[in-house]
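Working notes, structure below.
This structure is a prediction, so every number in the text was calculated from the model and none was measured. In what follows, chains are A, B, ... by sequence order, proteins preceding strands, each numbered from 1.
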Amino acid sequence: MINKAKKNITKIVQKSIKEIYSIKDLLISVERTKDEKFGDFSTNAAMMHTNRLKEPPMSIGEKLCRNINKSLSKDLLVDKVELVKPGFINFYISKKFWIAVFREVVLAGENYGRNNAGEGKKILVEFVGSNPTGPLNVVSARAASIGDSLCNILSFNGYDVKREFYINDAGEQVSRFVESLIARYKQIYNPDFPFPDEGYYGDYVKDMAKELDKIYGRSLLDKIADDVWNRCRSFYLSRILGNQKRDVEDFGVKFDVWFSEKTLHVEKINNAWIKLKKLGFTYPKDGALWFQSTKFGDDEDRVLIRKLGAPTYFMADIAYHLDKLERGFDKAIDFMGPDHHGHIARLKMAMKALGIDEKWLDVFIVQQVNLMRGGEKIKMSKRAGRFETMRDLVSEVGKDAARFFFLMRSQNSQLDFDLNLAKEESSKNPVYYVQYAHARICNILKHAEEIKINIEKIDKANTELINKPEEIELAKILAGFGDICKVSALTYAPHRIAGYLLKLAGIFHNFYNKHRVVTENKELTAARLLIVKSTRIVLANGLRLLGISAPEKM
RNA sequence: GUGCCUGUAGCUCAGUUGGAUAGAGCGUUGGGUUGCGGACCCAAAGGUCGGAGGUUCAAAUCCUCUCAGGCAUGCCA
């Protein structure tokens, strides 16, 4: 809707420029205004051309304005065009144009805001991902919220999206976990048995050791290298992975693919390695095999195959991304934890070495989360085995609040998560504020139905009766939903949707406070029901994109 | 040392890729409802956009330098 208006205005302005100045460069921009006192749309055309035409902006603007006023067509529904000081030309759109949005929303329903900008392009979004060595933490919860919501948004914009979880089940970390488990088990019989320096300190490892002891007693003590042990270790690894799966599923995230790093070994990794070797970017040194990342701007070369023969995480990740490419994705997006900082540049260098278009892969860091309680930061220490898990967080504040809080902020800044606020049932709590607007509307609709008003046919209501400023304001923000969806997809920014919903909820509450919907006046009631029904639809659509419920009662 | 992220109101953060007088929420202060959900609304106060230059009609936004904080800098992931 807004796009249509923008296009029309752009055409008109360009036509005027052509007529007056007969120049070919017609680059201008038409934007929504920030403030109502500047109308609804404005163009910087006069200022853009001031240099080329060697004429002051106000003078250009004056001529354009006069010309535009002559050529305004009726269907645009422009009330007024005016020139303002620095050289902006402002367009005032008639109420009628805006009010049409209510019917449009109701007719489109859950598809309102959808577009086909993505043209069915295949995108793979990799997020959360982890070693199967312990419970998922709060950063994983943040990544899950952002990744899942972005996928919803991309689908809504016409992309063919797949969600993927990368299981790092083949590396050094898994060995460290197993060593930790063995050590905890042995410590039951020998408290002095040393615990590995970089081991896993969490209590869950101790619990597993106790469990092993319960089943096998001391019989495993001398069988560490045995088959029994191998079975035990894979039993616990798959149990941990199972718990991780349950964590994300309870959080409402459904991955299309759980990708095991193991499946890259040995063949796919070998193939990737051979490709790099053939291109001449590798060499042996100190018994290991290296990648010449310095050729791509790194400060030192990086190891691909370790001295002992095992590939590094870096090598596996190269193979992994080649695999994604081979699976036919037009684009790959990765969300990684803050500890992967250094890894990103290297991965991109490897992609460049392999001749892959830079734009094919986008990698984002999901920054750390500081849990706050009563203004105090809760200390997290993985080493000491104390760290906040995703499960604890969700069970304390709930899925909706957790997701909304993570989605309010852009992913690349650190986040202070106020646990008390997330639980508070008041308008201070943003998630309640938005959900309350939705529930409130549902209650109005229910009330209307109780007095036998037919909500289904409400799109037939007489919209001529809509003219209050609060109503027009609602129309304008509803009309902007499609734009917000597009922008949030384009900039990978789900938090735009959250911000939009907060604003929409605010405008609705204000409207509600000023105007009663269901009254004696039947015609006006119908028109206002159309307004609140379309508002409900947009709230629900937005919440759905965030993966948050839109409750009918609270 | 090097690289990335961040620096905007007392606090937590937006700012549609360069636009007009920089915006919300919380907190503070003062108001509002015989009503369809008060889990609500309105108003006020609060700012050298970390700092200094530069680019141009126009800079929180782009460039250079600089200061502060965070993270990374493993043959871990």
Which nucleotide wins on minimum distance to the side chain of [X], given the candidates [options]?
| X | options | answer |
| --- | --- | --- |
| A/Met47 | B/A20, B/C57, B/A14 | B/C57 |
| A/Trp290 | B/G74, B/U12, B/C75 | B/C75 |
| A/Arg176 | B/C42, B/C76, B/U16 | B/C76 |
| A/Glu172 | B/G35, B/C5, B/A77 | B/A77 |
| A/Thr50 | B/C57, B/C41, B/G74 | B/C57 |

Hey, does the side chain of [X] reach the backbone of [Y] with a donor-acceptor pair shorter than 3.5 angstrom?
| X | Y | answer |
| --- | --- | --- |
| A/Arg176 | A/Tyr200 | no |
| A/Thr50 | A/Glu55 | yes |
| A/Asp169 | A/Glu261 | yes |

B/U16: syn or anti, per glycosidic angle within 90° of 0: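 Base orientation: anti.
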N or O in side chain of [X] less than 4.0 angstrom from [N] OP1/OP2:
| X | N | value |
| --- | --- | --- |
| A/Arg306 | B/G74 | no |
| A/Arg346 | B/A72 | no |
| A/Ser410 | B/A14 | yes |
| A/Lys34 | B/A20 | yes |
| A/Tyr200 | B/A77 | no |
| A/Tyr500 | B/A14 | no |
| A/His495 | B/G15 | yes |

From A/Thr282 atom OG1 to A/Gln292 atom CD, the distance as rounded to the nearest 0.5 Å: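 These two atoms lie 7.5 Å from each other.
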Ion pair check, A/Lys324 and A/Glu164, cut-off under 4.0 Å: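 Looking at A/Lys324 and A/Glu164, the cut-off is not met.
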Quick one: look up who [N] pairs with, Watson-Crick or G-U, both distances under 3.5 Å, and put none if it's unpaired.
| N | answer |
| --- | --- |
| B/C71 | B/G3 |
| B/U64 | B/A52 |
| B/G23 | B/C13 |
| B/G30 | B/C42 |

Sorted by number, the residues of residues 524-531 of chain A with heavy-atom contact under 4.0 Å to RNA chain B: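 Here the set is empty: none.
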Taking N and O atoms by type only, does the side chain of [X] place a donor or acceptor under 3.5 Å from a partner on the base of [N]?
| X | N | result |
| --- | --- | --- |
| A/Ser130 | B/A77 | no |
| A/Asp35 | B/A22 | no |
| A/Gln173 | B/C76 | yes |
| A/His509 | B/C41 | no |

Geometric class of the A/Tyr313/A/His343 ring pair [parallel <30°, tilted 30-60°, perpendicular >60°]: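 A/His343 vs A/Tyr313 ring planes: tilted.
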Geometric class of the A/Phe481/A/Tyr500 ring pair [parallel <30°, tilted 30-60°, perpendicular >60°]: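 Plane angle between 30° and 60°, so tilted.
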Base, sugar-phosphate alone, or nothing: which one does [X] contact when heavy atoms must sit under 4.0 Å apart?
| X | answer |
| --- | --- |
| A/Lys503 | nothing |
| A/Asp286 | base |
| A/His515 | base |
| A/Asn90 | base |
| A/His341 | base |
| A/Val487 | sugar-phosphate |
| A/Asn44 | base |
| A/Gly171 | sugar-phosphate |
| A/Ser488 | nothing |
| A/Tyr433 | sugar-phosphate |
| A/Arg516 | base |
| A/Asp339 | base |
| A/Lys486 | nothing |
| A/Pro86 | nothing |

Aromatic ring proximity A/Phe88/A/Phe38, centre distance under 6.0 Å: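 Between A/Phe38 and A/Phe88, which both carry aromatic rings, the centre distance is not below 6.0 Å.
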Test item: side-chain donor near acceptor, A/Glu470 and A/His515, under 3.5 Å: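 Yes, because at least one side-chain N or O of A/Glu470 sits under 3.5 Å from a partner of the opposite role on A/His515.
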Residue whose nearest RNA chain B nucleotide is more 5′ - A/Thr491 or A/Leu415: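 It is A/Leu415, whose closest nucleotide lies nearer the 5' terminus.
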Upstream residue (5' side of RNA chain B) when A/Leu490 and A/Ala439 are each assigned their closest nucleotide: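 Checking each residue's closest nucleotide, the 5'-ward one belongs to A/Leu490.
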Other residues, nucleotides, ligands: >12 heavy atoms within 6.0 Å of A/Lys503 NZ: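 Counting other residues, nucleotides and ligands, NZ of A/Lys503 stays at 12 neighbours or fewer.
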